[in-house]
Amino acid sequence: MSERGKEKERDYFLKILDIIEETVFVIDRDFRILDLSKGCLNKFRTHIEREEVIGKRCYEGLWGSEEVCEGCPVSSVFEKGEAARTEWSLSPSNGTNIYFDIEWIPVFDEHGEVTRVIGDIRDVTHRKEAEEKLAKIVDGVNIPAFAINSEHKITHWNTAVESLTELKREEAVGTDKQWLPFYLEKRPVMADLIVDKAQESEIKARYGDKYKKSSLIEGAYEALDFFPTLGEEGKWLLFTAAPLRGSNGDVVGAIETLQDLTERKNAEEQSRTIFEHVRTPLCLIEEDETITSVNKEFETLSGYSREEAVGKKWTEFVALEDLKRVIEYHHNWKKEELPCFGFKFVDREGNTKDVRVCIEPIPGGKIKVASITDLTKLKREEELCAICEELKELDDMKKNFLNAAYHELRSPLTPIVGYASLLKCDELGDKQRDYVSNIEKYAEQLRAQINRMLELARIDGGEMEMTMEDVPIPEIVNEVVKSFKPLWNDKEQTITTHVPEGIEVRGDKQKITAIFTNLISNAIKYTYEGGRINIMAVDRGGDIRVCVSDTGIGIPEKHLPKIFERFYMVNTSLTRKSESLGLGLSIIREYVKLHGGRIWATSEHGKGSKFFFTLPKTGK
Amino acid sequence: MRKNRILIVEDAPYMREMIIEMLNHAQDRYEVVGFAINGKEAIEKYRELKPDLVTMDLVMEEMDGIQAIRKIKQEDPNALILVITAMDTPENRTMAMDAGADGYLWKPFTINNLLDVLEEMFGKD
């Protein structure tokens, strides 16, 4: 290019520098200013001409300093050919600080050498002031708060957020750890989403229905969520994030405040639990009488599900005949203190119930809570209670009566038995002797029966005493079998026993003997002539299990569950012949139970029965 | 041979009669010297008659048998007392024995039951 061409070029260049608003300057390796834009001239020093400055070192020419600025990167930019950035402040005489940020851009020649460096100055005083103001706000409030910049780095982390999160300011500022106290994995917090100008759909995806748009701050969102990692048992936080905007309106960061609502939430949760589980029907009603919430008891009382009940006016549950009165009451209440009143409550089925309702305002809101007492239910419960008491009395009376009756029944037996024995002392014919024997035999049966009734009465009265000892089972089985020998011999029955030697249980010997006596005598009684009876005992470790089986008439299946009940008698031709009133089995069931064992039976009608019982070895 | 003198303490007349009838069958050994219808009367009769043996019912008005046994035994530790009762529970038996009864007979009983128990009681002496 010719000299003239160069000149022209330079004019053109200077024109541009005059017109543009940017404050730029060009320096060489010695910091000497080669060119500068007009905006540069009055930026730092007033009334200065371009010619005065060109050729001077930048620190002299631009801000009248005699030394290279601290941290100046210019030499390094020349060396390495990489751009650099610095941020400096100046305190001119008028007292207001000027903050500026310079970007140092290298200019290369055809050999790739850096020949000049352009300094691009940007006044950041406004931003700086805003940041300082923000710092004052964030650090000054006692609400936990932090701020991040456009690069998601934490710029502010106040004392309150320090104590809420236990993350120290030194560890937080300058990093992107804003997620750390709240989440287990790295993820954007609300402030990050604001900085990214996230779409609402993205916020919704993150927070579901826990978020809402702030009604106070443009572009801000708030959300309520539970953070299990905070504190000892987690915390409920209401957090609000708002954008920070630069002078041109761009989002340059975000501030987020956090409010610890744990206590309030817990109290709410408690109230909700009480509301739900209290045994009183409750509903919340709005000023216009609409029901907004009901509890489980209300559902039971009304027959309506929660969803059905909510939205109805509570007066819809008042029977027509009471409606006028109830509305009057309600009207009066609006003026003065109020009370509880009764009315007929109509449930879903149209049934009416007498109830009493108390409507009380919930402090701090327009909602009232109505608690209902179901008088009908109350009355029914009272009646049931009374009936229960009566039944108890009746049962006591029955027990006393039976006890007395058994004793009275037994008294005349004494002279019957006594005089019959006296009669036999006299000279009697064979016939008369037979008659007396019959009297004695049936008197004995009567005595045994009455004794069984008395035994049951004593068991019912809880008067049964157990005399515990080590009871040898084989000996008892042998004794009982032997005692019935005349009977089974007569019927030509075979009795076999399989009882291991040495089995013992801790129990009441008399009662255990009675159990065997009853089962074995029944087996003999209900088995045909020539039948077989087997008694088997098995040692099962903790207890023994005994089985008395026979080849007798058996018990129809429908009777099996009831044979241990009192006075239950299986109606067969054989049983009609028998003398038992069916008390024997109920007594031995009680005996087995007193020992902590159980008793049951299986049977095949016509083929025989098996009676099983268990006795714990250690006794009860 | 001297007959053993017996005092019957029993509130039911038919029981008194029956016991007398039974003892009549052993007239050579036993003689009924009197009867009482409650515990209080039993003590008075015992002091008055000094019988060899007392048959004692347990359930009576005024004073029950147990109290009467205790009192009689306290005054005369050598007294022989046979309890005749329908209340045949182990507790009653223990209570009677603790009070000092020497024999026990359950109702109902036959003449043989009565004579056997008496023979046994006098045999012990």
Side-chain angles (χ1 to χ4, degrees), chain A residues 403-428 433 436-469 508-511 513-514 587 591 594, chain B residues 6 8-30 32 35 37 55-61 64-65 82-98 103-119:
Chain A
N403 218 343
Y406 300 149
H407 282 291
E408 291 305 312
L409 278 175
R410 197 159 60 163
S411 303
L413 262 178
T414 312
I416 293 172
V417 171
Y419 280 111
S421 71
L422 273 170
L423 202 52
K424 272 163 75 181
C425 295
D426 292 341
E427 293 284 317
L428 291 179
R433 196 157 283 280
V436 176
S437 291
N438 276 337
I439 293 173
E440 283 185 324
K441 182 179 156 197
Y442 291 109
E444 169 54 26
Q445 277 180 18
L446 186 55
R447 189 195 64 81
Q449 188 59 35
I450 292 169
N451 279 351
R452 282 197 281 269
M453 291 174 169
L454 272 168
E455 184 74 353
L456 275 175
R458 288 175 61 208
I459 291 170
D460 286 350
E463 295 166 27
M464 202 40 71
E465 278 184 22
M466 303 271 283
T467 314
M468 303 301 272
E469 58 183 309
D508 184 311
K509 189 176 176 184
Q510 211 185 326
K511 293 182 177 66
T513 308
I587 291 174
Y591 286 171
L594 283 169
Chain B
I6 293 175
I8 298 170
V9 183
E10 171 64 65
D11 62 349
Y14 67 87
M15 280 301 301
R16 290 198 298 268
E17 276 166 32
M18 193 184 80
I19 294 169
I20 292 169
E21 285 285 340
M22 286 177 172
L23 292 177
N24 279 344
H25 280 263
Q27 275 177 354
D28 53 331
R29 278 167 285 162
Y30 308 113
V32 176
F35 64 86
I37 59 166
T55 72
M56 181 71 74
D57 190 10
L58 288 185
V59 186
M60 292 175 299
E61 285 176 20
D64 70 26
L82 169 63
V83 169
I84 300 180
T85 182
M87 309 290 282
D88 52 350
T89 61
E91 303 86 72
N92 265 332
R93 183 190 282 251
T94 316
M95 210 152 66
M97 290 300 171
D98 287 350
Y104 208 91
L105 185 64
W106 287 352
K107 293 174 184 175
F109 56 92
T110 63
I111 177 170
N112 290 339
N113 296 146
L114 176 64
L115 296 181
D116 287 351
V117 76
L118 286 177
E119 202 167 302

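Letters A, B, ... mirror the listed sequences (proteins, then strands); counts begin at 1.
No more than 12 heavy atoms of other residues, nucleotides or ligands shown are found within 6.0 angstrom of CD on A:Gln510. For CZ of B:Phe35, the number of neighbouring non-hydrogen atoms (other residues, nucleotides, ligands) closer than 6.0 Å is 12 at most.
Atoms CG and OG, from B:Asn113 and A:Ser421 in turn, are 7.5 Å apart once rounded to the nearest 0.5 Å. With rounding to the nearest 0.5 Å, the separation of CD in A:Glu440 from OG1 in B:Thr110 is 7.5 Å.
The minimum heavy-atom distance between B:Pro108 and A:Leu413, with the atom names listed, is CB-O, 3.7 Å. Closest non-hydrogen pair, B:Tyr14 versus A:Tyr419, comes out as O-OH, 3.9 Å.
Residue pairs meeting the salt bridge (charged side-chain N to carboxylate O under 4.0 Å, His left out) criterion with at least one member in residues 9-25 of chain B, sequence neighbours excluded, are B:Glu10-B:Lys107.
For a residue to count as touching a neighbouring chain, one of its non-hydrogen atoms must lie under 4.5 Å from one of that chain's; by this rule A:Ser411 touches chain B with backbone and side chain alike. Heavy atoms closer than 4.5 Å to chain A are found in both the backbone and the side chain of B:Met18.
Between A:Cys425 and B:Met22 the shortest side-chain heavy-atom distance does not fall below 4.5 Å. At least one side-chain heavy atom of B:Phe109 sits under 4.5 Å from a side-chain heavy atom of A:Thr414.
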